[in-house]
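Single-structure report; data block below.
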Number of protein chains: 2
Amino acid sequence: MSLRHALLGLLARNPASGYDLLKIFEISLANVWPATQSQLYAELGRLADAELVTVAAEGPRGRKEYAISDAGLAELHHWLTAVEPRKIVRSDMLLRVFFLGQVDSEQARAYLRRQAEISAEEHEKWEALTEFVAEGEDDLSVFGLLSLEWGLRFSAMQREWAEWAEGEIERSSGTDAPPAAR
Amino acid sequence: MSLRHALLGLLARNPASGYDLLKIFEISLANVWPATQSQLYAELGRLADAELVTVAAEGPRGRKEYAISDAGLAELHHWLTAVEPRKIVRSDMLLRVFFLGQVDSEQARAYLRRQAEISAEEHEKWEALTEFVAEGEDDLSVFGLLSLEWGLRFSAMQREWAEWAEGEIERSSGTDAPPAAR
DNA sequence: ACCCTACCTTCCTGTGTTGACATGTCACTT
DNA sequence: AAGTGACATGTCAACACAGGAAGGTAGGGT
């Protein structure tokens, strides 16, 4: 349950309300660990029960401003440094590739072409974000930049791979049945 | 719910029982879309209810051999060719990186070093699998090889990134406080 | 005959995730 | 005074995922 740690991480920077956190999730963490409102408020409640966060202040419309507690900070640091990252990567894309041999090569290539396009779009999104951060002087330290760099590399690699794979299929199906005029 | 399509994809190759499918998941799909036994049997039941698969034969110990139906095949092909791949990638690793600035740079580097190690191990696993497939003459077509190639590239990239990131932190913290003797 | 192992399925509990719906308040405009 | 939009939280149903307990059958070896 990484949502818990995402919330702790954000609260360690600044105290915030559920609503604030939701906004941050939407703009900033959406590409890394999406979360919905219902999940978020529920988790905040649980964090408060566990005394990892406290309600520091109550505001206008029932607003509750949460702040991280010492116990919460300890938990966050523990997670950041001592908990093994999970290795499993569930990939929709790879699963499809695994079965792609069951449709004809024309369709398979079409799928990979689409995948390359999507990756290219993702790449642009990351580039825009990088630019935004570079200009906007966000409070992002080196570490924010590391995340961005990862997004850039990943989307670029995925695109290259999809294009390569498409060519690979073309080559191998070409030997069986030359493209010819259709 | 891609588990559904994973099952359809496997059944499109050969009819199989839940038990058979479970074995296949353990050895072959574990790196792509892990699933547990409870999930698997439940989903098979639902697939049968929806008539996307049929019980083709009943064997010795209550064994039920499932086969894909025409409707199932249609659904599979639809998913393979017409359903948009999901873009969101939940990454434990990236989430950590996002907050890594909250621990001192020594610890941050240690984490990235560990991440590079893990990626290297993953890479070896993929290499071993590639070798195994190349020798074993599995029924893997070009498409199986594409998956393997992706695993290789991805793990290599992740490792390179982690090493680069570690260097990046070293460089930036070095300017603040030179490494010195400790 | 006996036991062990592999085979095979069902059920249960708990947590994570999503989407939709419900409810209400404050600030600002018209 | 009424309306609108941003602020803010809570709850529900449904599905996805993980782990494990429980139970039963068939075949092979001793």
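Just so we're clear, the structure is a prediction, and the values are computed from it rather than from any experiment. In what follows, every chain begins at residue 1, and chains take the letters A, B, ... in the order their sequences are listed.
In 5' to 3' order, the nucleotides of DNA chain C bounding all contacts with chain A (an atom under 4.0 Å from a heavy atom) are C:dG16 to C:dC26.
Using modelled atom types, one side-chain atom of A:Gln102 and one backbone atom of B:Gly9 make a donor-acceptor pair closer than 3.5 Å. One N or O on the side chain of B:Ser155 and one on the backbone of B:Leu152 form a donor-acceptor pair closer than 3.5 Å. Here the side chain of A:Ser69 pairs a donor or acceptor atom with the backbone of A:Glu51 at under 3.5 angstrom.
Because its NZ or CZ atom is not both nearer than 6.0 Å to the ring centre of A:Trp79 and within 45° of the ring axis, A:Arg4 does not count as a cation-pi partner of that residue. Taking the centre and axis of the six-membered ring of B:Trp164, the NZ or CZ atom of A:Arg153 falls inside the cone set by 45° and 6.0 Å.
Residue pairs meeting the ring pair (Phe, Tyr, Trp, His ring centres under 6.0 Å) criterion with at least one partner in residues 32-76 of chain B, sequence neighbours excluded, are absent.
Taking only side-chain nitrogens and oxygens, B:Arg90 never comes nearer than 4.0 Å to OP1 or OP2 of D:dC17. OP1 or OP2 of D:dC17 has at least one side-chain nitrogen or oxygen of B:Gln39 nearer than 4.0 Å.
Rounded to whole angstrom, the span from the CD atom of B:Glu43 across to the P atom of D:dC15 amounts to 11 Å. The CG-P distance, from A:Leu44 to D:dT11, rounds to 14 Å in whole Å. If you take CG of B:Asp92 and C1' of D:dC17, they are 16 Å apart, rounded to a whole angstrom. The distance between atom CD of A:Glu26 and atom P of D:dA6, rounded to the nearest whole Å, is 13 Å. One can place CG of B:Leu22 at 14 Å from C1' of D:dC17, the figure rounded to the nearest angstrom.
Between B:Arg63 and B:Glu58 there is no salt bridge, since no side-chain nitrogen of the basic residue lies less than 4.0 Å from a carboxylate oxygen of the acidic one. Under a 4.0 Å N-O distance rule, the pair A:Arg159/A:Glu163 qualifies as a salt bridge.
Between A:Ala35 and B:Tyr19, the one whose closest nucleotide on DNA chain C sits nearer the 5' end is B:Tyr19.
When heavy atoms are screened at a 4.0 angstrom cut-off, A:Arg4 is found touching no nucleic acid atom at all.
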What does the B/S/- profile of nucleotides 20-27 of chain D look like, 5' to 3', with a 4.0 Å heavy-atom cutoff to protein?
BB---BB-
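Side-chain contact annotation: A:Glu75 with A:His5, donor-acceptor N/O pair under 3.5 Å present.
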